[in-house]
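To keep things clear, I will list the structure first and then write my remarks on it.
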2 protein chains.
Amino acid sequence: MLITNIKQLVLTEKKARTTPLRGAELAKLTVVENAFLLVENQRIVDFGEMANCPLRADKTIDATGRFVLPAWCDSHTHLVFSHSREEEWVNRIKGMSYEEIANLGGGILNSANRLQATSEDQLFEQASERLEEVQKTGTGLIEIKSGYGLTVESELKMLRVIRRLKESSEVEIKATFLGAHSMPMAFRNGNRQGYISLIINEMLPKIADEGLADYVDVFCEKLAFSVEEMEQVLAAGAKYGLRPKVHVNQFNCMGGIAAAMSHGAVSVDHLELVDDADIEVMRNGNTIATLLPSAPFFLQDHTTPARQLLDANVPVALASDYNPGTSPSGRMPFVVSLACIMMKMMPEEAIQAATLNGAFALEAADDFGSIAKGKFANLIVTKPMPSLAYLPYSFGSDIVERVLIKGL
Amino acid sequence: MLITNIKQLVLTEKKARTTPLRGAELAKLTVVENAFLLVENQRIVDFGEMANCPLRADKTIDATGRFVLPAWCDSHTHLVFSHSREEEWVNRIKGMSYEEIANLGGGILNSANRLQATSEDQLFEQASERLEEVQKTGTGLIEIKSGYGLTVESELKMLRVIRRLKESSEVEIKATFLGAHSMPMAFRNGNRQGYISLIINEMLPKIADEGLADYVDVFCEKLAFSVEEMEQVLAAGAKYGLRPKVHVNQFNCMGGIAAAMSHGAVSVDHLELVDDADIEVMRNGNTIATLLPSAPFFLQDHTTPARQLLDANVPVALASDYNPGTSPSGRMPFVVSLACIMMKMMPEEAIQAATLNGAFALEAADDFGSIAKGKFANLIVTKPMPSLAYLPYSFGSDIVERVLIKGL
């Protein structure tokens, strides 16, 4: 298949890079004006200026006036869940805090109760619909976490749903085990270590046995798990070859970033709050700071200090955090808009953070995240638009006209 | 046409009210569960519980699992314009203020220069596309302003484009003359009164002669027009029967609200900042406070004090402010989301403010804004959803499945 007359082919690489973009690299986006792109056997086999366009192909798409970008790589979601939670959101509007709702058994425990009562088939049907919806807005690679199970049986059920999604969808999926998402009520009265042991001795071995997870995650936060508890879980995950991608610094700075990095974290996610020590430890590492602007937008609590991280040369990715409590949306074009509007990222930075650095945050940049020969043809064709900045600027419009996943 | 099995028919009225909703009325939304709705000759002729549903109609829509709402009444837009302005937005991300951009000839003057160079036909084509886009997201009644002309010829051109839109679209349109949107450069060196005279003596008589405007508007702001200048324009508009709908209190409190109300303003729009005197003068009036959350969202400058206005019994409406500088979106479902997320309005308040009170802000509540016998069948049919609060909660989803304008 051949795409012709592309107004601007965005984020091209002569040779696929092997390290995430950072600093000035993130702000500088390579493009080809008036371009073609050739797809064969699911992959990009050639691209360049129209002057060098092959004469024919089995199928041609005329992209006159349109931009072509790599599909979004959404590296942090919780899109397998059982019910929306708008009633809690209404309570937040009335003045309750996230912590108050969580302490009343709302929040993650609410989702866990509901997921435990929902069949694997029902979960799969609901999650499939959400996956189709985010695919239509341009997502071609996505991470999905467990963490609304919180029992051996239900964590396995969630991860099996994710495996079924991997088998049924063209969208590439990575699975993350997040047993340590919230402390179940039964373990809150003096037996926290009992749940940590359940994760380490019951959940992880079974998950490894079935090959259900690609990563291990912990919600490291005052209202969830301590740094020390996180380190136990990460050390156990390492025995099964699971690298960490962790929730840290959403509501508090607790030293979780340095601890996770010492366990080889691929990414540290959230970072609505960071202190100087956090910045220093990330400055020269290859651990990716994955920012999730929908959550502070929906909670209206913090503004993620993206510029501080970018200016400190930290490799930054953007993801949706799609979940029923704090980000009931997986619409990546809007995440890119929010990153510019709320976090003052430049359009070029936001687009690269939501594509190529997202792919690095899932160790999948050999195959995804940019326009490079040999990578999968995961592509967004926009509607006609005047400039690349128009994409995040027009925050309410459906600017994605067509999405190709592995060339289809 | 008959709509059956409606999960919830929202904002029903036994008898269409004659005054805008305020205080506790705004928070209390009347609904019919498991309902039908019958349309004949463009209008709602009957509705109620399914038990009383007529047996047949020429055409039936099954709305099982779906909510039916009145279409949005977007009472403040600038959707006739010539070019998007994402390059100015990028300058804002880099740190320039709205005022700095305006003082450099950007902002409204930038749009005016471009509009002056664009033909009426081109403007009509572009605006028609935008109108179709907002219609798809559920807008059935809309106000459109002039104000990017700023010369006699170009203000007339804009208003003629709006008249052509009125003639060509099923969406009901009201036109507002906003010659006093920004002081043209030629009048900035000691001849401000020259432009006011042009508005009063040249523009207004011609506009009235052709019947091109329903309202008169002034941008009353430190960087635009003073209260005294506004009052001159409003007094002149009154001679032609044009009631005021004005821009006030976006960046400064200058006493514009009281002044506009003394001229019989139908609405005072923006109100990102209000002081105690503003609240007191609005408390017992019927002038509607039209809030525009997209603008402070996109500018990230203020949070409109909606709760303060609601608690003071002020009738509040919501509108999109669709314009290329500060709100490049006319997507009303997202405006409703923003009102809840940023301004802490309850979903019921936001929905009523964006429908029935929007209709009152355009003096069109006899025909629009609620589900009442005799009103036009301007209707939104949602996708299946669990509750009404799900609509603003799912801020990134396209929850509008179908839009009927005058029954079609």
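Here is how names work: the chains are called A, B, and so on, in the same order as the sequence lines, proteins then strands, and each is numbered from 1. Quick note: numbers below take in every heavy atom, side chains included, and nothing from hydrogens, waters or symmetry partners. Since we're looking at a predicted model, the values are computed, not measured.
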So, the part of A/Met345 with a heavy atom under 4.5 Å from chain B: the answer is backbone
Turns out that what part of B/Met385 lies under 4.5 Å from chain A's heavy atoms comes down to neither
Exercise. With side chains defined as the heavy atoms from C-beta onward, is the minimum distance between B/Val90 and A/Cys340 less than 4.5 Å?
Worked result: no
Distance-only donor-acceptor screen, chain A against chain B, under 3.5 angstrom:
residue: A/Arg85; atom: N; partner: B/Tyr393; partner atom: OH; Å: 3.0
residue: A/Glu86; atom: OE2; partner: B/Ser387; partner atom: OG; Å: 2.5
residue: A/Glu133; atom: OE2; partner: B/Ser397; partner atom: OG; Å: 2.9
residue: A/Pro324; atom: O; partner: B/Tyr393; partner atom: OH; Å: 2.5
residue: A/Arg331; atom: NH1; partner: B/Gly396; partner atom: O; Å: 2.3
residue: A/Ser387; atom: OG; partner: B/Glu86; partner atom: OE2; Å: 2.5
residue: A/Tyr393; atom: OH; partner: B/Arg85; partner atom: N; Å: 3.0
residue: A/Tyr393; atom: OH; partner: B/Pro324; partner atom: O; Å: 2.5
residue: A/Gly396; atom: O; partner: B/Arg331; partner atom: NH1; Å: 2.3
residue: A/Ser397; atom: OG; partner: B/Glu133; partner atom: OE2; Å: 2.9

Turns out that what part of A/Leu391 lies under 4.5 Å from chain B's heavy atoms comes down to neither
Sorted by chain and number, sequence neighbours left out, ring-ring contact (aromatic ring centres under 6.0 Å, His included) with B/Phe334 holds for A/Phe334, A/Phe395, B/Phe297
When the 4.5 angstrom heavy-atom criterion is applied to A/Pro333 and chain B, the contacting part is neither
Most contact-rich option vs chain B, by heavy-atom pairs under 4.5 angstrom, among A/Pro392, A/Gly95, A/Pro347, is A/Pro392
One should read off an interatomic distance between B/Leu299 CG and A/Ile341 CD1, to the nearest 0.5 angstrom, of 9.5 Å
